[in-house]
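Everything numeric here is computed off the predicted structure, so don't read it as measured data. One-based numbering along the sequence shown.
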Amino acid sequence: MPPLTPEPSLPAPSSPSPVRSRRRALVAWAAVLALVLLLIAVAGQWAARREANFQADSIRRAMEVHVLGLRDAAGKYGYLPFTAGMHPDVLAVLARPQDPATRQRANHYIEEVNRLAGSDALYLTDPQGLTLAASNWATPQSFVGESYANRPYFLDARAGRHGLFYGVGQTTGEPGLFMSAPVRAEGGGGEVLGVITVKVSLRQLHDAWAFVRDPILLTDARGIVFLSSVPGWMYQATRPLSPADLAGIEHDQQYGTRTRFAPLPWRVEPIEDAPGYLVRTTVGGKARRFLAVDEPLPDLGWTLTVMADHAEVTRARERTWMLGLLGAGVLLLGALYWRLRERRFAEQRDARRDLELRVRERTHELDQAHAFRKAMEDSLLVGMRARDLQGRIIYVNPAFCEMTGYGADELLGRLPPYPYWHPDDVTQHWFHYEAMMSGQPARSGFESRLRHRDGHEVITMVYTARLIDADGRHSGWMSSVVDITEQKRAELRQRQNDEQLQHAQRLASLGEMASTLAHELNQPLMALSNFASAAKAFAEQGNQPLLASSLDETVAQAKRSAEIVRRIRGFVRQRTAGTEDCAVAALVANVLALLQGEMRQRQVRAEVRVAPALPPVRGDRVLLEQVLLNLLSNSLQAMEQGTPPDRRVVEVEAELCEGRVHIRIADHGPGIDAALAEQVFAPFFTTKAGGLGLGLNICRTIVEAHRGRLSFADRPGGGTVFTLELEASP
């Protein structure tokens, strides 16, 4: 290296005086300080606005949930008055209100409907508002004989409209939501014969509000609070009530004997550039300030008000100011330390710069790949778990930790049994673990029940595959764990709803056969009476042979009555033995036995053609009998009008076709109009007077649940043929 030659010295520039330099430095620091304080103030305002917007969003989400709950509580039983008002017992008591037997049947029917629906009360009033029948007819607070002519829901229903009214019960003193519907003559037209009303309590909703942190209240059209999470606000008004409002409340007895409604202890303040308004009040002896948002519910005539603590906005602003000042102080200290350090380590920094640059260039791609993989794993909703060849957990992602309730530091390095294994399924967990360790994990995955750290159960689907390292060697196992708990709960709710709907259809079918079944039971009962009288006479005469014969006939008739009752109980029973092999001939025979009396009454005979070697079908026996009963009942009703007695024949044919059992039910009725063919299986579609329109829809649902198919076609020569296709049992 050649020697360095010294550069010629240059004259030093004139430097400013130390006093001027210090003055400029002070001015610069003052400007920086003012700018920092301004930024902190702006940040505080931004934080307050952000917190206010967050509160508004929270109120909107909470309001959506509460509105859904209110509409569900109001709409869940909206169908009940209309449906119950179509029953013959209800129409009969309106036609003959002085008949004790008719009123008793109506009381029993309304009591049973109210019990099955789960409502608080169901009652029927005549056009003058006098209660004729009620679900609580046998209780001390029975509605029977009470007049509700002053109630708005009664006036609306009497005028032919559906009524909706919330108030305190005149008889019980308990508040509730009253929904009413007019009762008309059969067919749904004509004058209003009476009013049927259902009362639903909102107590569960009100009790749930007691656990919310911030106030929630519900006001009626006059501004009176009738539901509130703050007990002291109940039956207070948001605005002054006019004399007309007070007179209407007193006339309707909406809130019992209350005639004075004090104003709410509020002071309302408007808010600029924000939804809702500010409420200053006292809750629990403490002065509070809330952000309140109103949501009108025009279909119910109510207004829902949801509040949030506005003090969080002030605290957010103060926290931001404190953090800003703290950050500014830290930055100031850091700047001073940085200047001192820079002066001391200037040469070392220059020397490290080249080394850091080379290291950064070599590790940049690795950092990017690692960051991408880490972000992808953390964003997954599916739990990921990796185990080595000894079964030791070597990796879990955040989704798996959230699923089990255990942190990664608690799971890494653990050997089985793992802490999240469900104690009731330990044997099953060991079975799947051993299958994985032997190299034979379930390819299609398997269902596994885990126990969360807090004790609740988590249902998962687990898929396991080999874990291959960078050298291509098998180093362990990687499992994907999917949380299917909500899916299982939804499937359970769906099954329960289907069972209840099917049970309701069975009860409806049984109601249609009620008169025939009474006739069927009357015959053996009359025979029992006659044989018993004969046996008494033969005993007095000492005629032992005829006495024994009469007693034998009495036993036979008693067994016949018991058999009829057993069939009815077996058909009505909601829960069955489950899936089993069902012989088609036995299914058809059981259903025809149930319909024997109705067929005799309608002068209908059955022709059954079932192949002797027909294999059984796999399914729920009671549900399949329900399908056949509904189809045969429809055929009997189709031939009731317009078909001569000699042509009233229902044909039941069963055969095996391409591995599936085909069951055909044909009648000689008028057939199905082509314009209505597409609506036959639609829910609530019916051509019967007083029908619910659920029978064929439920039949198709049951058949499809058995992986079958239900269809219909016109019968040559007139009539309809319904074809039920089911899989033959292997």
Side-chain angles (χ1 to χ4, degrees), residues 66-67 70-71 73-74 77-78 81 119-121 123 125 127-131 134 141 143 145-182 195-203 205-206 209 215-266 268 279 281 292 294-305:
H66 295 308
V67 168
L70 288 170
R71 287 203 167 97
Y77 300 95
S119 52
D120 280 15
Y123 53 98
T125 54
Q128 288 73 39
L130 184 66
T131 304
Q141 293 183 329
F143 294 171
E146 298 291 336
S147 175
Y148 301 104
N150 63 316
R151 290 293 202 170
Y153 63 81
F154 169 80
L155 299 177
D156 290 339
R158 192 180 63 181
R161 303 183 298 271
H162 287 272
L164 182 70
F165 177 75
Y166 183 89
V168 176
Q170 292 184 177
T171 304
T172 63
E174 293 292 331
L177 179 62
F178 297 83
M179 292 175 283
S180 62
V195 174
I196 190 164
T197 307
V198 61
K199 178 181 179 182
V200 181
S201 175
L202 299 182
R203 183 177 302 276
L205 181 65
H206 184 262
W209 285 4
I216 304 175
L217 60 148
L218 200 61
T219 56
D220 61 11
R222 297 184 176 97
I224 298 174
V225 178
F226 62 89
L227 281 182
S228 173
S229 61
V230 180
W233 294 354
M234 289 287 290
Y235 303 115
Q236 296 187 353
T238 58
R239 60 178 182 269
L241 300 178
S242 64
D245 290 336
L246 294 174
I249 295 172
E250 184 177 1
H251 174 267
D252 299 340
Q253 296 185 19
Q254 183 172 4
Y255 299 111
T257 59
R258 293 182 179 85
T259 57
R260 298 174 59 87
F261 301 91
L264 282 167
W266 287 3
V268 178
V279 173
T281 184
D294 293 338
E295 178 66 20
L297 305 175
D299 52 338
L300 301 175
W302 303 337
T303 300
L304 177 65
T305 303

Q. Going by the salt bridge (Lys or Arg N to Asp or Glu O under 4.0 Å) test, which pairs reach into residues 145-167, not counting sequence neighbours?
A.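 Of all non-adjacent pairs touching residues 145-167, those that pass salt bridge (Lys or Arg N to Asp or Glu O under 4.0 Å) are Asp156-Arg161.
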
Could you go through the side-chain contact (heavy atoms from CB on, under 4.5 Å) check for Leu217 and Val230 one step at a time? CA-CA 8 Å; Leu217 60 148; Val230 180; over 6 Å; no

Using residues 251-263 as the side-chain source, report each donor-acceptor pair under 3.5 Å to any protein atom, sequence neighbours left out, with the distance given to one decimal.
from	atom 1	to	atom 2	distance (Å)
Gln254	OE1	Arg222	NH1	3.1
Gln254	NE2	Tyr166	O	3.0
Tyr255	OH	Asp220	OD2	2.6

Which atom pair, heavy atoms only, marks the closest approach of [X] to [Y]?
| X | Y | answer |
| --- | --- | --- |
| Ala157 | Ser180 | CB-OG, 3.6 Å |
| Trp233 | Pro265 | NE1-CG, 4.0 Å |
| Thr131 | Thr125 | OG1-CG2, 3.5 Å |
| Met179 | Pro81 | O-CG, 3.5 Å |
| Gln128 | Ala149 | O-CB, 3.5 Å |
| Thr171 | Gln141 | CG2-O, 3.8 Å |

- Task: Could you tell me which residues satisfy salt bridge (Lys or Arg N to Asp or Glu O under 4.0 Å) with Asp120, sequence neighbours excluded, listed by chain and number?
- Result: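 Salt bridge (Lys or Arg N to Asp or Glu O under 4.0 Å) list for Asp120, sorted by chain: empty.
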
Counterpart residues, salt bridge (Lys or Arg N to Asp or Glu O under 4.0 Å), relative to Glu174 (two or more places apart)
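Once residues adjacent in sequence are excluded, the partners of Glu174 under the salt bridge (Lys or Arg N to Asp or Glu O under 4.0 Å) criterion are Arg203.
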
Quiz item: Which residues satisfy the ring pair (Phe, Tyr, Trp, His ring centres under 6.0 Å) test with Tyr123, sequence neighbours excluded?
Solution: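 Tyr123 satisfies ring pair (Phe, Tyr, Trp, His ring centres under 6.0 Å) with Phe143, Tyr148 once adjacent residues are dropped.
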
Rounding to 0.5 Å, atoms CG (Leu205) and OG (Ser229) come to a distance of 10.5 Å

dist Ser147:OG -> Gln170:CD (nearest 0.5 Å) comes out at 8.0 Å

Determine, stepwise, if the pair Ile224 / Leu241 fulfils side-chain contact (heavy atoms from CB on, under 4.5 Å).
CA-CA 9 Å; Ile224 298 174; Leu241 300 178; 3.8 Å; yes

field: Residues which pass side chain to side chain donor-acceptor pair (under 3.5 Å) with Thr303, listed by chain and number, not counting sequence neighbours
entry: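 With neighbours one apart ignored, the set is empty.
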
Q. Hey, are the side chains of Phe226 and Trp302 touching, using non-hydrogen atoms and a 4.5 Å cut-off?
A.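 Side-chain contact under 4.5 Å: yes.
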
Apply the test side-chain contact (heavy atoms from CB on, under 4.5 Å) to residues Val279 and Leu264: give CA-CA distance (whole Å), side-chain angles for both, the deciding distance (0.1 Å), then the verdict.
CA-CA 11 Å; Val279 173; Leu264 282 167; over 6 Å; no

Next item on the list: Would you confirm whether Thr281, through its side chain, and Trp266, through its main-chain N or O, come within 3.5 Å as a donor-acceptor pair?
Entry: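 Not confirmed, Thr281 side chain does not pair with Trp266 backbone.
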
Check the pair Ile216, Leu227 against side-chain contact (heavy atoms from CB on, under 4.5 Å), reporting the backbone distance first and the verdict last. CA-CA 8 Å; Ile216 304 175; Leu227 281 182; over 6 Å; no

